[in-house]
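These notes concern the structure reproduced below.
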Amino acid sequence: MVNTTQRIYNILHEKYDSQKWWPTTLTGDLHPTYHGKKHNETQQFEIIVGTILTQNTSWKNVEKAIFNLNNNKLLSIEKIKKTKQEKIAELIKPAGYFNQKSERLKILSEYLYKKTIKELFSQPINKLREELLSIKGIGPETADSIILYSANKATFVIDTYTKRIFSRIGLCKKEIKYEELQQQITTELPRTTKLFNEYHALLVELAKRHCKTKPECNECPLSTICKKKI
DNA sequence: CGCCAGGGCCTCA
DNA sequence: TGAGGCCATGGC
């Protein structure tokens, strides 16, 4: 038995292939665990930085910011902890919200300086999520992105794209709450890190190509199962 | 020029 | 607890 949630994945994966997230432009050898060996802590931290920077921001802009940080040798917990917030803000300017995000990176670095990533990630998912959410600047999506893409644990990431796509298809209401949609999707899929990783990335790809705020349903691979006809 | 981008916090009923 | 304002750059 294949449900609609699974069909969506099958169609998207057939069409767009594996996305190999989390994307990193700096280190070509950075890849998810299931593609090879595990991330080291430097790589895990780089992904965490990315999850903060990409909050309500296009990845293109985030790339510039990460590039700047890396160029200044600041892409580490110790360095960001030591560097003044103003300096961080200046470097991540292209990613927008630079005052907020530089503060968040500072707070996070202070936190991870005291409690190592290894220690943090060694917990079961629900404890890890709870702890991440207690950190200022980390909400549900950022927490789940960190758990899935940095810690490589099976948590499904919900974002505006996920809500948009699933509500347009007719699988949920527009106003559905984060945890509710997360619960719904999770129960309809085999709980594996690889699947959750690819699925979220594929939804992002679909949203960028077709399911935009102003949808372009022409040639959308999901048009056959989507209720929205535009 | 306006809209939107891989959210989250704060405030105020 | 939920809606609304705020944060900000860059691509189109």
Side-chain angles (χ1 to χ4, degrees), chain A residues 8-9 12 16 18-26 30 32 46-69 71 85-109 111 129-152 155-168 172-182 185 193 195-216 230:
Chain A
I8 291 171
Y9 175 81
L12 293 180
Y16 299 142
S18 294
Q19 299 298 298
K20 300 183 176 10
W21 271 29
W22 186 271
T24 56
T25 49
L26 299 178
L30 183 53
E46 181 181 333
I47 293 172
I48 293 173
V49 170
T51 64
I52 296 291
L53 293 179
T54 199
Q55 289 171 351
N56 202 34
T57 301
S58 68
W59 184 252
K60 277 292 176 194
N61 287 5
V62 175
E63 282 180 337
K64 301 175 201 296
I66 292 183
F67 180 82
N68 288 344
L69 287 175
N71 254 7
Q85 187 186 324
E86 293 73 24
K87 171 79 171 175
I88 306 290
E90 186 61 31
L91 293 172
I92 66 170
K93 215 163 191 175
Y97 307 117
F98 46 83
N99 287 320
Q100 285 187 353
K101 287 175 178 176
S102 56
E103 184 192 11
R104 289 172 189 182
L105 290 180
K106 290 288 289 180
I107 291 173
L108 205 53
S109 297
Y111 197 95
R129 188 172 197 270
E130 195 179 332
E131 185 165 349
L132 288 171
L133 288 176
S134 75
I135 302 172
K136 184 180 174 186
I138 299 183
E141 186 189 335
T142 305
D144 288 331
S145 294
I146 291 172
I147 296 170
L148 180 59
Y149 292 108
S150 182
N152 269 301
T155 288
F156 202 91
V157 176
I158 305 296
D159 64 352
T160 50
Y161 291 157
T162 314
K163 270 189 200 173
R164 184 192 295 165
I165 292 167
F166 272 68
S167 67
R168 279 181 180 162
C172 72
K173 48 182 167 36
K174 276 185 312 195
E175 320 77 28
I176 193 169
K177 292 201 295 188
Y178 187 101
E179 277 78 8
E180 200 180 339
L181 182 54
Q182 182 181 48
I185 293 178
T193 303
L195 176 62
F196 286 8
N197 179 319
E198 289 294 345
Y199 204 140
H200 174 69
L202 286 166
L203 289 176
V204 172
E205 189 61 22
L206 178 75
K208 284 178 176 169
R209 297 198 194 201
H210 298 283
C211 213
K212 310 175 180 182
T213 48
K214 192 175 165 61
E216 296 174 12
I230 300 182

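We name chains A, B, ... by the order of the sequence lines, and we start the count at 1 in each one.
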Closest to the A:K64 side chain, choosing from C:dT9, C:dG10, C:dC7: C:dG10

5′-ward residue of the pair A:N61/A:I138 relative to DNA chain B: A:N61

Separation of the P atoms in B:dG8 and C:dG10, to the nearest angstrom: 23 Å

Closest-nucleotide ordering on DNA chain C, the 5'-leading residue of A:N56 and A:K60: A:N56

Nearest-nucleotide 5' precedence on DNA chain B, A:T142 against A:K212: A:K212

Min side-chain heavy-atom separation A:K101-A:T57 under 4.5 Å: yes

Expected output: side-chain A:S167 to main-chain A:K163 donor-acceptor under 3.5 Å: yes

Length of the line joining A:N99:CG and C:dA8:P, which is rounded to integer Å: 4 Å

Under 3.5 Å donor-acceptor, A:Y178 side chain and A:I158 backbone: yes

From C:dG10, B:dG8, C:dC7, nucleotide with atom closest to A:P94 side chain: C:dG10

Protein-nucleotide distance (A:Y97, atom OH; B:dG8, atom C1'), rounded to Å: 10 Å

Pairing nucleotide - C:dG11, Watson-Crick or G-U, each distance under 3.5 Å: B:dC3

